[in-house]
Asker: 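Following this message is one structure expressed as structure tokens.
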2 protein chains.
Amino acid sequence: MPRASAADAARTAERILQSASTLYATCGYAHVSLDDVAQDAGVTRGAIYHHYLNKKGLFSAVAARLQAQVAAAVVAAAEGAPPSPSSRLRAGSHAFLDTITSSSFVRILLVDAPAVVGWQEWRRLDDENSVTHLREALRNVHVTEALVDVTAAHLSGAMNEAALWIAQHADPEAARAEAHAALDQLLNAYAA
Amino acid sequence: MPRASAADAARTAERILQSASTLYATCGYAHVSLDDVAQDAGVTRGAIYHHYLNKKGLFSAVAARLQAQVAAAVVAAAEGAPPSPSSRLRAGSHAFLDTITSSSFVRILLVDAPAVVGWQEWRRLDDENSVTHLREALRNVHVTEALVDVTAAHLSGAMNEAALWIAQHADPEAARAEAHAALDQLLNAYAA
DNA sequence: CACTATACATACACAAGGTACGTAAAGGAA
DNA sequence: TTCCTTTACGTACCTTGTGTATGTATAGTG
């Protein structure tokens, strides 16, 4: 097999990432072998090991991209909201819930990621992305400084669990509406 | 190797469960082979496959026991509290936080379990144990019926994330105190 | 005292991850 | 143009770990 140009190489790396992303989302990390990914991407395992460190490294790349997408959606929503701190917090939180509920994200980011990359590492990545913004928003709505960290953890956990609850619900759209209502109630408690 | 009596057999099954529990808690499910468990328990893998269906089945047994212990602690605390609905909810919630924070529980129940047994199945087990009580308690403090499910998910997620936050914190005892304070604040929001 | 079911141990088959190595072309440097 | 080095994979092999089939000795039972 002849070799591809640098641009082609980037595209195969991207194809591998895409295949892995959809397979992990539908079947779960443990049930997807590198052969499955390679076959879906139309390459061999050698190509995967060339572009990624190992199976865990491939998953990390997938998770990192998804997390970045979530963070981007949250920031965009917050910036598009009226400039008051509470409405920014509210907009960001609701955007987080809506984005992460997209079925691809739930299983990868909320179920597999903590176990695969380790909770400590995953939490660090989460901090770098969304949670930092969340803490900042909490400070802006005058949450006591000593309680900012715990409160961020509480809110983050609540939203994550809500996302899982929505995804598994028989009527996801109705569930989503309920979750948003409950989230508003929760946010009001902190904003006051 | 001669065969043991029925009572001895139960004890070996128990030793296997104990070994698996501590190994899973310290190293994580994926990094613990059945050989590791067998060696720690002083048996061969044959004994494990005799008492448990497979690796996942062994983990499920471990997780189920831990979850039952958590639920028992929650119920005991709630029954020991003053009979008002809000104080029962509060006592149960704080007991949940304290029990699940014990380091053995965190990794197995909150990190590995969802990925290993599948989130749906894990959630079902969780429902049968603690979450049912939580929903009942929420009804007793007059949470709107339509929001009971979501609110339970929110609270459960918040407490789980808080537990992980405590376990990973540099000063767990200080973190625990903060988490309890924040939890009280959160519960007040719902009880009101 | 047979006889069956239990409680393991042993041995083997197979899948999957990781590694070592091969190879052919791309992208400069001379 | 001609090297030469690096890149971008593919191929083959090794190792680990799970699951299963089978062996075996004893406990329990009629």
Side-chain angles (χ1 to χ4, degrees), chain A residues 1-24 26-63 108 112-113 115-118 121, chain B residues 1-24 26-63 108 112-113 115-118 121:
Chain A
M1 180 75 112
R3 188 196 147 190
S5 72
D8 287 341
R11 277 174 41 204
T12 63
E14 175 65 24
R15 286 215 323 278
I16 292 169
L17 204 72
Q18 279 296 331
S19 295
S21 191
T22 61
L23 287 174
Y24 287 156
T26 56
C27 308
Y29 175 79
H31 294 95
V32 175
S33 72
L34 290 179
D35 258 328
D36 295 336
V37 176
Q39 194 166 343
D40 188 86
V43 295
T44 65
R45 292 190 309 127
I48 299 181
Y49 277 101
H50 176 73
H51 287 288
Y52 304 95
L53 183 62
N54 50 22
K55 189 183 181 185
K56 186 172 153 185
L58 174 59
F59 180 86
S60 294
V62 170
I108 293 178
D112 282 336
V116 174
V117 312
E121 176 68 8
Chain B
M1 182 73 113
R3 187 195 148 191
S5 73
D8 287 342
R11 277 174 40 204
T12 62
E14 173 64 24
R15 286 214 323 277
I16 291 169
L17 204 72
Q18 278 296 331
S19 296
S21 190
T22 61
L23 287 173
Y24 288 157
T26 57
C27 308
Y29 175 79
H31 294 93
V32 175
S33 72
L34 290 180
D35 257 328
D36 295 336
V37 176
Q39 194 166 343
D40 188 86
V43 295
T44 64
R45 293 190 309 129
I48 299 181
Y49 277 100
H50 177 72
H51 287 287
Y52 303 93
L53 182 63
N54 50 22
K55 189 183 181 185
K56 186 172 153 184
L58 174 59
F59 180 87
S60 294
V62 169
I108 293 176
D112 281 336
V116 174
V117 312
E121 176 68 8

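Lettering of chains follows the sequences in order, A, B, ..., and the numbering in each one begins at 1.
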Asker: So which nucleotide from D/dG10, C/dG17, D/dT18 ends up closest to the side chain of B/Y49?
Answerer: D/dT18
Asker: Tell me the interatomic distance from B/H50, atom NE2, to D/dG19, atom P, rounded to whole angstroms.
Answerer: 17 Å
Asker: Would you mind reading off the distance between A/I48 atom CD1 and D/dT11 atom C1', rounded to a whole angstrom?
Answerer: 15 Å
Asker: Is a donor on one side and an acceptor on the other found under 3.5 Å between the side chain of B/S19 and the backbone of B/I16?
Answerer: no
Asker: Which of the following nucleotides, C/dT6, D/dG19, C/dA9, is nearest to the side chain of B/V43?
Answerer: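 Closest nucleotide among those given: C/dA9.
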Asker: Which heavy atom of B/G28 sits nearest to which heavy atom of B/D112, and what is that distance?
Answerer: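 For B/G28 versus B/D112, the nearest heavy atoms are CA-OD2, 3.5 Å.
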Asker: Considering only side-chain heavy atoms of A/T44, which listed nucleotide, C/dC8, D/dA8, D/dT11, is closest?
Answerer: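 My answer, after comparing the listed nucleotides, is D/dT11.
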Asker: B/E14 CD to C/dC8 P: how many Å, rounded?
Answerer: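 Going from CD in B/E14 over to P in C/dC8 covers 13 Å.
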Asker: Nearest heavy atom decides the nucleotide; on that basis, is B/K55 or B/G46 closer to the 5' end of DNA chain D?
Answerer: B/K55
Asker: Taking atom CD of B/E14 as the centre, report whether more than 12 heavy atoms of other residues, nucleotides or ligands fall under 6.0 Å from it.
Answerer: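 Count over threshold, so yes.
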Asker: Counting side-chain heavy atoms from CB outward, which of D/dG10, D/dA8, C/dG18 is closest to A/A47?
Answerer: D/dG10
Asker: Side chain of A/L34: nearest nucleotide among D/dT18, D/dA8, C/dG18?
Answerer: C/dG18
Asker: Using a cut-off of less than 4.0 Å, is there contact between a side-chain N or O of B/H51 and OP1 or OP2 of C/dC8?
Answerer: yes
Asker: Base, sugar-phosphate, or nothing for A/S33, non-hydrogen atoms under 4.0 angstrom?
Answerer: sugar-phosphate
Asker: Measure from CG on A/D8 to P on D/dC9 and round the result to the nearest Å.
Answerer: 8 Å
Asker: Which nucleotide in the list C/dG18, C/dC8, D/dC9 gets nearest to the side chain of A/T12?
Answerer: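 Taking heavy atoms from C-beta onward, the closest nucleotide is D/dC9.
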Asker: So does A/R45 reach the base of D/dG10 with its side chain, donor to acceptor, closer than 3.5 Å?
Answerer: no
